[in-house]
Amino acid sequence: MTAPFWVLLILLLSTLPAGPVFAEKVKLDSSHWGHEAGEDCVSCHSKSSAGLASQWRESAHAEAGVNCMDCHQADRADVDAIEHEGQIIATIVSPQDCGRCHEKELAEQQGSVHAEAFAIIEDRLPALADNVGGPAMRAASCDQCHGSRVKVKGDGSLDAATWPNSGIGRINPDGSKGSCSSCHGRHRFSKAQAREPAACVRCHSGPDSPDKEVFEASKHGMIYAAQREDMNLDAPEWVAGRDYTAAPTCVTCHMGGAGKLPPSHDVGMRNVWNLNAPVSERQYLVVFEDGVKMELPESAEVPKRGSELVRPDGSSGTVKVVATPKRRRQAMSMVCLECHSKGFTQGFMDQFDSVVELFNSKFALPAREIMDALYREELLTPTPFDEPIEFTYWELWHDEGARARHGAAMMSPNHAWWEGMYVVGRSFYARFLPEARAVAGAKSPVLVDAVLAEDAAHQWLRDPGQSSPILGFGHEESH
Ligand code: HEC
Ligand code: HEC
Ligand code: HEC
Ligand code: HEC
Ligand code: HEC
Ligand code: HEC
Ligand code: HEC
Ligand code: HEC
């Protein structure tokens with residue numbers, strides 16, 4: 001096999017420099033660590049907060065001689081620097097701080113969908129968190145998963161409205177994004193722990209992103225539970241097909257090495273669709289010369305290598321490489337191929353893609369078109385969540401539709417149908433359409449019914465004589 005394009009892409013992604021969004025910090029090697037003040041930290045903290053010090057003692061860091069000060073040291077000029085027992089420290093240890101020793105992981109993590117999780121929802125926080133809940137909800141919910149914008153008070157201490165927080169896209173005082181202790185429990189920072197599905201479930205569970213539930217209900221989850229001791233979770237390296245074969249976990253498919261496919265801290269690289277959007281679209285992954293990454297929908301014009309592109313934050317960048325949805329799918333399929341055949345893998349992907357396409361054409365596109373029309377005609381106020389149909393629509397794509405799509409992506413038939421598309425259908429026909437007609441009034445034939453007529457999938461509504469939903473079995477003559 002000649003070096004395929006994905007090899008180039010993946011090699012590029014794994015050797016990227018960190019983006020220029022924050023000030024450079026000094027890179028460290030073993031001659032730098034083992035800060036002499038570290039012993040005092042350990043000895044006093046073995047009395048106060050003893051648990052934390054003993055977790056550190058059992059860590060690979062302690063074994064390698066990396067101590068408290070190697071991570072917590074700060075410059076006097078840092079906004080969050082505090083003077084503590086004669087040393088200048090910061091409580092927050094940002095990705096940029098870890099990256100002084102773990103450059104590769106930092107480069108992969110920065111610019112990933114995870115690191116951008118705060119920016120992507122920032123505009124929705126007030127509407128959902130503040131209006132529907134109350135400001136206190138931000139710190140305790142959205143921000144715990146998506147990340148907070150950490151505020152530092154005048155004395156260098158951290159504002160309790162924004163910290164403690166280890167959200168996946170946290171905006172740190174030094175400008176870097178995310179939190180390495182989202183997945184890595186401190187102060188062990190054990191990679192065996194991070195390989196467990198449990199590392200992801202704090203955020204990836206519940207009605208809108210039920211990946212925990214989906215995984216547990218899948219055959220993969222079944223085998224993982226039965227054969228956990230065969231998973232070799234403690235291995236120094238953890239490559240599917242070589243170091244273990246029993247079953248895949250979240251990490252196997254989204255981050256881990258598999259055969260020749262290298263591991264990566266960018267969880268989005270192998271994904272084709274944006275499954276948590278009102279309408280899913282296949283996505284290009286664009287990588288810029290300076291390491292910044294960006295996704296573009298398939299319907300957008302594909303940028304050429306070397307061309308200049310304006311990015312969401314307003315800066316412009318030179319395109320280094322573009323991964324097409326097809327290449328991204330090949331990367332994910334390489335994981336499957338360590339344990340399954342080509343035909344099996346392709347067949348599964350076809351089944352999955354068809355569910356996403358069904359959701360789009362039958363429910364997501366018509367619902368979006370109807371909502372757009374109701375806003376355009378000023379039949380709904382522009383304020384989000386002040387009208388019942390806005391809740392119905394939000395749940396249709398963000399919860400119910402997400403469950404169906406995640407269920408089909410990760411092999412839980414229950415979530416694909418009973419918890420997913422069945423609920424989508426019920427909400428669409430029995431809540432969304434009646435509410436839309438009530439809002440549209442006399443304009444219903446144009447704003448609602450004409451939209452439904454565009455898709456043959458709704459023809460059954462006008463087709464008398466089909467099976468009866470009450471009896472469940474339709475025209476029964478023989479019973
Ligand atoms: C003589 C005892 C002592 C020494 C030495 C010491 N600490 Fe502490 N440290 C404490 C105590 C007590 C607290 C809790 C203070 C409080 O409750 O706010 C604390 C708090 C902290 C905090 C949390 C601050 C916050 O924002 O909540 C960090 C981080 C920390 N220490 C790190 C270190 C590091 C790194 C060193 C080594 C330079 C060190 N400590 C040395 C006693 C000590
Ligand atoms: C590998 C880097 C690393 C090392 C080594 C390390 N810490 Fe931390 N520490 C962190 C991170 C990450 C956080 C979470 C702060 C944040 O970013 O929000 C943290 C948080 C803390 C906190 C506040 C959180 C809490 O649970 O109270 C204290 C106190 C603390 N560290 C003390 C220590 C002490 C004492 C040592 C040495 C025994 C130590 N740390 C070693 C990375 C490290
Ligand atoms: C339990 C963790 C958790 C909490 C709490 C949470 N989210 Fe999310 N949210 C997620 C995850 C995980 C995803 C993405 C899943 C995916 O991409 O498949 C997501 C996706 C989203 C999306 C869709 C993102 C997109 O790309 O369009 C929006 C919008 C959103 N969340 C807003 C919020 C708001 C606002 C709050 C608080 C009111 C909140 N979330 C609370 C975990 C959470
Ligand atoms: C989404 C969860 C997640 C986040 C966030 C995360 N990690 Fe990891 N990390 C993992 C997993 C899972 C592994 C084990 C991967 C494997 O063995 O294939 C790991 C492994 C590592 C390793 C060991 C690598 C090796 O080859 O031995 C280091 C070092 C590391 N992470 C550093 C970081 C740093 C630094 C950050 C923040 C920039 C970070 N991680 C953020 C999940 C995460
Ligand atoms: C001063 C250098 C230094 C800093 C700062 C540092 N590490 Fe490490 N880290 C190491 C060394 C050395 C090892 C052990 C050798 C190795 O695995 O590379 C290690 C190992 C690890 C491992 C693998 C643990 C295992 O089970 O084998 C993880 C995960 C990790 N670090 C995460 C982090 C995170 C997250 C941060 C920031 C909160 C961080 N490190 C900060 C030097 C550092
Ligand atoms: C602290 C919360 C948190 C943890 C822990 C976490 N994630 Fe996420 N993850 C999120 C949020 C929030 C999003 C949505 C980001 C967005 O849409 O911007 C997300 C998105 C994703 C995506 C979608 C990427 C894409 O292409 O859209 C994948 C895949 C993913 N996470 C996998 C994982 C895996 C695997 C783990 C565990 C090793 C994990 N996550 C741990 C919060 C988390
Ligand atoms: C057998 C492989 C496999 C396992 C195990 C797995 N996933 Fe997935 N996951 C996929 C595939 C395939 C997709 C769809 C990718 C695409 O869009 O092409 C997906 C999609 C996702 C998405 C949605 C991404 C988006 O575009 O919004 C998230 C989030 C996610 N997975 C998280 C997890 C978490 C968390 C776990 C563990 C609880 C997990 N996955 C286990 C293969 C897996
Ligand atoms: C580490 C090995 C491993 C990897 C990697 C893996 N699987 Fe599996 N998969 C299994 C095992 C084991 C089973 C259970 C087989 C059985 O029923 O005997 C399974 C079952 C399945 C099933 C259910 C089949 C059935 O007969 O009901 C599907 C579908 C599936 N895998 C798809 C995938 C896809 C798609 C990927 C890649 C995104 C993937 N798997 C990655 C090991 C793996």
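Side chains included, hydrogens not; waters and symmetry mates left out as well; all remaining heavy atoms used. Start at 1 and go down the list; that is how both ligands and their atoms are numbered.
- By the ring pair (Phe, Tyr, Trp, His ring centres under 6.0 Å) test, Trp394 pairs with Phe385, Trp397, His398, sequence neighbours left out.
- Protein N/O/S atoms closer than 2.8 Å to atom 8 (Fe) of ligand 4, listed by chain and residue number, are His184 NE2, His265 NE2.
- In Leu52, the part holding a heavy atom less than 4.0 Å from any atom of ligand 2 is the side chain.
- You'll find the side chain of Asp174 stays beyond 4.5 Å of the side chain of Asp78, heavy atoms only.
- Of all the N, O or S atoms in His187, the one closest to atom 8 (Fe) of ligand 2 is NE2.
- The backbone N or O of Pro95 lies less than 3.5 Å from no partner atom in the side chain of Gln109, so there is not a single donor-acceptor pair.
- By the 4.0 Å heavy-atom criterion, Asp70 is excluded from the residues contacting ligand 2.
- Residue Val93 has at least one N or O atom closer than 3.5 Å to an N or O atom of ligand 2.
- Neither the backbone nor the side chain of Glu39 has any atom closer than 4.0 Å to an atom of ligand 2 (non-hydrogen atoms only).
- Within the listing of ligand 2, atoms 34 (C), 35 (C), 36 (C), 37 (C), 38 (C), 39 (C), 41 (C) sit less than 4.0 angstrom from a heavy atom of Cys68.
- Residue Cys98 has at least one heavy-atom neighbour below 4.0 Å for each of these atoms of ligand 4: 35 (C).
- An N or O contact shorter than 3.5 Å links Arg170 to ligand 2 by distance.
- Close N/O approach between Trp163 and ligand 2 is found [any backbone or side-chain N/O within under 3.5 Å].
- Counting backbone and side-chain atoms alike, His72 contributes an N/O/S atom closer than 2.8 Å to atom 8 (Fe) of ligand 2.
- Note that CD of Glu357 is 4.5 Å distant from CH2 of Trp273, once rounded to the nearest 0.5 Å.
- Less than 4.0 angstrom separates some heavy atom of Asn67 from each of these atoms of ligand 2: 5 (C).
- Exactly one of Lys293, Arg328, Lys104 qualifies for a salt bridge (charged side-chain N to carboxylate O under 4.0 Å, His left out) with Asp266. That residue is Lys293.
- Under a cut-off of 6.0 angstrom, the local environment of NZ in Lys153 is crowded, with over 12 non-hydrogen atoms contributed by other residues, nucleotides or ligands.
- Less than 4.0 angstrom separates some heavy atom of His61 from each of these atoms of ligand 2: 1 (C).
- Arg170 places a side-chain N or O within 3.5 Å of a backbone atom of Asn165 that can act as its donor or acceptor partner.
- Rounding to the nearest 0.5 Å gives a distance of 7.5 Å between CD of Gln87 and CD of Glu36.
- Set against the non-hydrogen atoms of His45, the atoms of ligand 2 under 4.0 Å away are 35 (C).
- The number of heavy-atom neighbours closer than 6.0 Å to CD of Gln193, taken from other residues, nucleotides and ligands shown, is above 12.
- Here OG of Ser179 is found 7.5 Å from CZ of Arg186. Values are rounded to the nearest 0.5 Å.
- One finds no salt bridge joining Arg195 and Asp243 here, because no Lys/Arg side-chain nitrogen approaches an Asp/Glu carboxylate oxygen to under 4.0 Å.
- Surrounding CD of Glu63 are at most 12 heavy atoms belonging to other residues, nucleotides or ligands under 6.0 Å away.
- Other residues, nucleotides and ligands contribute over 12 non-hydrogen atoms within 6.0 Å of the CD atom of Glu298.
- Interface atoms of ligand 2 facing Arg186, defined by a heavy-atom separation under 4.0 Å, are 11 (C), 13 (C), 14 (C), 19 (C), 20 (C), 24 (C), 26 (O).
- Legend: ring-ring contact (aromatic ring centres under 6.0 Å, His included) pairs involving residues 330-351, not counting sequence neighbours, sorted by first then second residue: His340-Phe344.
- For Glu213 (side chain) and Gly206 (main-chain N/O), a donor-acceptor pair under 3.5 Å exists by modelled atom type.
- Defined by atom type and a distance below 3.5 Å, a donor-acceptor pair is missing between the side-chain atoms of Ser412 and Asn414.
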Which atom pairs, nitrogen or oxygen on both sides, join ligand 7 and the protein at under 3.5 angstrom?
from	atom 1	to	atom 2	distance (Å)
ligand 7	7 (N)	His254	NE2	2.9
ligand 7	9 (N)	His254	NE2	2.9
ligand 7	17 (O)	Val272	N	3.3
ligand 7	17 (O)	Trp273	N	2.9
ligand 7	18 (O)	Val272	N	3.0
ligand 7	18 (O)	Arg329	NH2	3.1
ligand 7	26 (O)	Trp273	O	2.7
ligand 7	26 (O)	Leu275	N	3.1
ligand 7	27 (O)	Leu275	N	3.2
ligand 7	31 (N)	His254	NE2	2.8
ligand 7	40 (N)	His254	NE2	2.9

